[in-house]
Amino acid sequence: MKVFLIGFMGSGKTTLGRKLAARMNYEFIDLDHVLEKQVELSIAEYFTLFGEPSFRKLEAEVLRKTPYPENAVISTGGGLPCHSDNMEWIKANGTSIYIKLSPKTLADRLEAGKEERPLLQDKHGDALITFIENKLNEREAFYSQANIIVDGLSLTAERLQDILSAVR
Ligand code: S3P
């Protein structure tokens with residue numbers, strides 16, 4: 001089974017994904033890291049050098065060309081499901097879980113660690129919350145196509161594993 005974790009930046013896809021994969025004895029793949037390794041640049045550096053449209057093209061390619069093992073938990077960049085028919089591809093190739101959180105909770109989590117996230121670099125306080133609200137409004141239509149939607153507050157890998165075994 002291939003499990004794709006989707007959701008906004010700061011929703012816990014990477015942290016929960018790594019723990020979930022360990023519990024299930026699955027391989028863990030972080031597509032942002034795959035992309036960074038491929039271009040030998042951090043995502044922030046890539047954005048600065050080549051811009052967002054080029055990044056989006058590349059992330060769609062990485063999604064499709066990564067050699068996935070039979071069983072894997074895959075964490076995706078927050079914008080990935082929302083362009084280039086990527087959500088269609090994910091639905092055709094795996095089980096998707098949307099980790100859902102409110103803009104306020106996301107903003108609290110994202111206030112630290114913004115340097116790594118080029119889309120957030122110049123945003124603070126209310127401007128950060130407004131930015132997240134607007135982006136989530138655009139993205140919700142894609143995220144909500146996931147097979148499973150879970151509340152990300154106090155979410156644990158154990159709970160994710162329980163949810164997955166219930167749908168299998
Ligand atoms: C992005 C999310 C990031 C990364 C890039 C763009 C987005 O991934 O792909 O900075 O558009 O939401 P995370 O969701 O893992 O932070």
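Side-chain atoms are counted along with the backbone in the values below, which use heavy atoms only and exclude waters and symmetry mates. For this chain, numbers begin at 1 and follow the sequence in order. Counting convention: from 1, in listed order, for ligands and their atoms alike.
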Next item on the list: Report the part of His33 in contact with ligand 1, treating N, CA, C, O as backbone and CB onward as side chain, heavy atoms under 4.0 Å; options are side chain, backbone, both, neither.
Entry: neither

Check: So, Phe4 versus Tyr68, ring centres under 6.0 angstrom or not?
Finding: yes

Next item on the list: Apply the side chain to side chain contact (heavy atoms under 4.5 Å, CB included) test between Ile99 and each candidate in Ile6, Val150, Asp151; give the one that qualifies.
Entry: Val150

Item checked: Distance from atom 10 (O) of ligand 1 to nearest protein heavy atom, with residue and atom -> Pro118 CD, 3.6 Å

Check: For ligand 1, which atoms have a heavy atom of Lys13 less than 4.0 angstrom away?
Finding: 13 (P), 14 (O), 15 (O)

Item checked: Close side-chain approach of Ser144 to Ile149, heavy-atom, < 4.5 Å -> yes

Notebook entry, point to check: For ligand 1, which part of Leu119 has a heavy atom less than 4.0 Å away: the side chain, the backbone, both, or neither?
Noted result: side chain

Next item on the list: Spell out, yes or no, whether Leu106 and Leu80 are grouped together once hydrophobic residues are joined by side-chain heavy atoms under 4.5 Å, including indirect joins.
Entry: yes

Item checked: ligand 1 N/O within reach of Asp32 N/O, cut-off under 3.5 Å -> yes

Next item on the list: Sort out for me which residue in Glu70, Lys2, Met1 forms a side chain to side chain contact (heavy atoms under 4.5 Å, CB included) with Tyr26.
Entry: Met1

Check: Under a 4.5 Å cut-off applied to non-hydrogen side-chain atoms, are Phe55 and Pro118 in contact?
Finding: no

Next item on the list: Take Lys100 and Glu140, measure what salt bridge (charged side-chain N to carboxylate O under 4.0 Å, His left out) needs, and give me the verdict at the end.
Entry: CA-CA 9 Å; Lys100 188 169 176 157; Glu140 194 65 33; 3.2 Å; yes

Check: Which of the atoms in ligand 1, numbered in the order shown and given with their element, are less than 4.0 Å from a heavy-atom of Ile43?
Finding: 5 (C), 10 (O)

Checklist line | Gly79 N/O to ligand 1 N/O under 3.5 Å | finding: yes

Notebook entry, point to check: Considering only heavy atoms of Arg117, which atoms of ligand 1 have at least one such atom less than 4.0 Å away?
Noted result: 16 (O)

Next item on the list: For ligand 1, indicate whether the residue Lys135 contacts it via side chain, backbone, both or neither (heavy-atom separation under 4.0 Å).
Entry: neither

Notebook entry, point to check: Looking at ligand 1, does any of its N/O atoms fall within less than 3.5 Å of an N/O of Gly78?
Noted result: yes

Next item on the list: Specify the closest pair of heavy atoms between Leu5 and Gly17, including all atoms of both residues, with the distance to one decimal.
Entry: CD1-CA, 3.4 Å

Next item on the list: For ligand 1, indicate whether the residue Arg139 contacts it via side chain, backbone, both or neither (heavy-atom separation under 4.0 Å).
Entry: side chain

